[in-house]
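Only one structure is covered here, and it is reproduced in the block below.
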Amino acid sequence: MKKLISLSILLLTGIYSFAQKSTLALHLTKGNTYYMVTNTNMAVSQTISGQFQNVNSTITAKMAFTVTAVMDTAYAMQVRYDRIGMQMSLPGGTINFESDKKDPNDIFSVIMGNMINKPFSIVMSKTGKLLTISNTGALSNGLFEGVTQLSNEQMTQFREQLMTSFGPKAFKSNMEVGTAVFPDVKVAKHDQWSVNTDMQTAMQTKMTTTFTLNDITASAYMVHGESVISPSNNTEFTEMNGMPMKYNINGVSQYDLKIDRESGWIAEARINQVIKGNVEIKDNPKLPGGMIIPMTITDDQTISDN
């Protein structure tokens, strides 16, 4: 009889734990600093004028987020880059740039170093959506300090390329990949919810992700996500390197997230993505007649909190 009672208690406890709903959201503390370390390995395969090209790159960044104010539904934060790095494998060889380098002859590393410790401000909702970004001009202030080898045209080109990867629009998109993952309601184990995200990078896409709460441990929520990526409604061309271009792409991605139960901050994440389509370059003086470049992009991104 005692065994039956004990078994019934265990079963009831299991059912209660299974059905118990949790609030997945950010629970940050004023004055605390939270870190996001990203490492993205990307492979781009494209065909230009009948010639196949494959470019592999790795982009790394460490960002610090200091909470300056706690509001009812959002947080004000001061953000800075602590470290930035980029490595590219090109047909002519491998190039490597690091903000930590102190070599005045390594122009790109010097420029990256000039972006470090330049604080700007954000307001983020408790569901991880980036509501506002301000003072981002600090990122480009003094960008070419210590650089004398570049012409004005080259400086403009470098600024465009860096802002494409690390500027405010890229920051918002890259940031929300690891934070805009929370549901609007309480959820139980195995519940699902959807999040829509506009990716304001050069590719101008929208992403619809279905998340599932796979498990709840003593210290973390384990969440899996699957996304469908499609072109945004924006049909306009964006100027890059002095040429108007537009990405026509579709893709999929998968997430595996470990979310800290106390703070809601991403402790660990792995995101795999495959995108296929083409880049359409409009007729322009640099490229009369324009061009369409078929391409495939695969990337593997990891995120950690230290």
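For the single chain, residues carry numbers from 1 onward in sequence order.
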Without swapping roles, check the side chain of [X] against the backbone of [Y] for a donor-acceptor pair under 3.5 Å.
X      : Y      : result
Asp283 : Gly289 : yes
Thr217 : Ala220 : yes
Gln154 : Ser151 : yes
Thr47  : Gln51  : no
Asn114 : Met112 : no
Thr29  : Asn32  : no
Ser99  : Gly113 : no
Ser263 : Trp265 : yes

Closest heavy-atom pair and its distance - [X], [Y]:
X      : Y      : value
Met88  : Val55  : CE-CG1, 4.0 Å
Asn306 : Val37  : O-CG2, 3.0 Å
Ile259 : Ile266 : CG1-CD1, 3.7 Å
Ser109 : Asn96  : OG-O, 4.3 Å
Thr179 : Gly128 : OG1-O, 2.8 Å
Asn196 : Lys129 : O-NZ, 2.6 Å

Any heavy-atom pair between the side chains of [Y] and [X] that's under 4.5 Å?
X      : Y      : result
Trp193 : Leu213 : yes
Asp106 : Phe97  : yes
Met115 : Leu143 : yes
Asn214 : Val223 : no
Met124 : Ile122 : yes
Met207 : Gln273 : yes
Ile303 : Ile271 : yes
Phe237 : Met243 : no

Among Asn54, Thr296, Thr298, find the residue that satisfies the side-chain hydrogen bond (donor to acceptor under 3.5 Å, both in side chains) test when tested with Ser45.
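Testing Ser45 for a side-chain hydrogen bond (donor to acceptor under 3.5 Å, both in side chains) against Asn54, Thr296, Thr298 leaves exactly one candidate, Asn54.
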
Measuring from atom [atom1] of [X] to atom [atom2] of [Y], what distance do you get when rounded to the nearest 0.5 angstrom?
X      : Y      : atom1 : atom2 : answer
Ser22  : Ile216 : OG    : CD1   : 4.0 Å
Asn141 : Lys118 : CG    : NZ    : 6.5 Å
Asn56  : Asn41  : CG    : CG    : 8.5 Å
Asn248 : Met295 : CG    : CE    : 11.0 Å
Asn39  : Asp300 : CG    : CG    : 8.5 Å
Thr197 : Lys206 : OG1   : NZ    : 12.5 Å

Salt bridge flag under 4.0 Å for residues Asp191 and Lys21:
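Between Lys21 and Asp191 there is a salt bridge, with a charged N closer than 4.0 Å to a carboxylate O.
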
Using a strict cut-off of less than 4.0 Å between a Lys/Arg side-chain nitrogen and an Asp/Glu carboxylate oxygen, indicate whether Asp256 and Arg270 qualify as a salt bridge.
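So Asp256 does not pair with Arg270 through a salt bridge.
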
Common cluster, [X]/[Y], ILVMFWY with side-chain heavy-atom separation under 4.5 Å:
X      : Y      : value
Val252 : Ile275 : no
Val123 : Leu26  : no
Val228 : Val195 : no
Leu131 : Phe182 : no
Val187 : Met222 : no

Before giving the answer on side-chain hydrogen bond (donor to acceptor under 3.5 Å, both in side chains), spell out for Thr68 and Gln78 the whole-Å C-alpha distance, their side-chain angles and the decisive distance to 0.1 Å.
CA-CA 7 Å; Thr68 57; Gln78 190 178 77; over 6 Å; no

Taking the cut-offs as 6.0 angstrom to the six-membered ring centre and 45 degrees off its axis, would you call Arg80 and Phe120 a cation-pi pair?
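No, Arg80 does not sit over the ring of Phe120.
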
Could you check whether Lys126 makes a cation-pi contact with Tyr75, meaning its NZ or CZ is under 6.0 Å from the centre of the six-membered ring and within 45° of the ring axis?
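Relative to the ring axis of Tyr75, which defines the angle, Lys126 lies inside both limits.
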
Whether Phe211 and Tyr255 hold their rings parallel, tilted or perpendicular, with breakpoints at 30° and 60°
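Aromatic pair Phe211/Tyr255 classed perpendicular.
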
Where do Ser49 and Met291 land on the side-chain contact (heavy atoms from CB on, under 4.5 Å) test, with the steps shown first?
CA-CA 8 Å; Ser49 300; Met291 181 182 290; 3.5 Å; yes

Go through Asp260 and Asp305 one step at a time and tell me if the side-chain contact (heavy atoms from CB on, under 4.5 Å) criterion holds.
CA-CA 10 Å; Asp260 182 77; Asp305 60 0; 5.8 Å; no

Answer yes or no: does atom NZ of Lys62 have more than 12 heavy-atom neighbours from other residues, nucleotides or ligands under 6.0 Å?
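For Lys62, atom NZ is crowded (more than 12 foreign heavy atoms under 6.0 Å).
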
Passes side-chain contact (heavy atoms from CB on, under 4.5 Å), Val181 versus Leu257? Steps please.
CA-CA 9 Å; Val181 299; Leu257 310 172; 3.8 Å; yes

Please evaluate residues Phe65 and Tyr35 with respect to the criterion ring pair (Phe, Tyr, Trp, His ring centres under 6.0 Å), reporting the C-alpha separation (whole Å), side-chain torsions for both, the decisive distance (0.1 Å), and the verdict.
CA-CA 6 Å; Phe65 300 78; Tyr35 293 93; 8.6 Å; no

side-chain contact (heavy atoms from CB on, under 4.5 Å) between Leu150 and Ile111, worked out
CA-CA 11 Å; Leu150 298 178; Ile111 294 171; 4.1 Å; yes

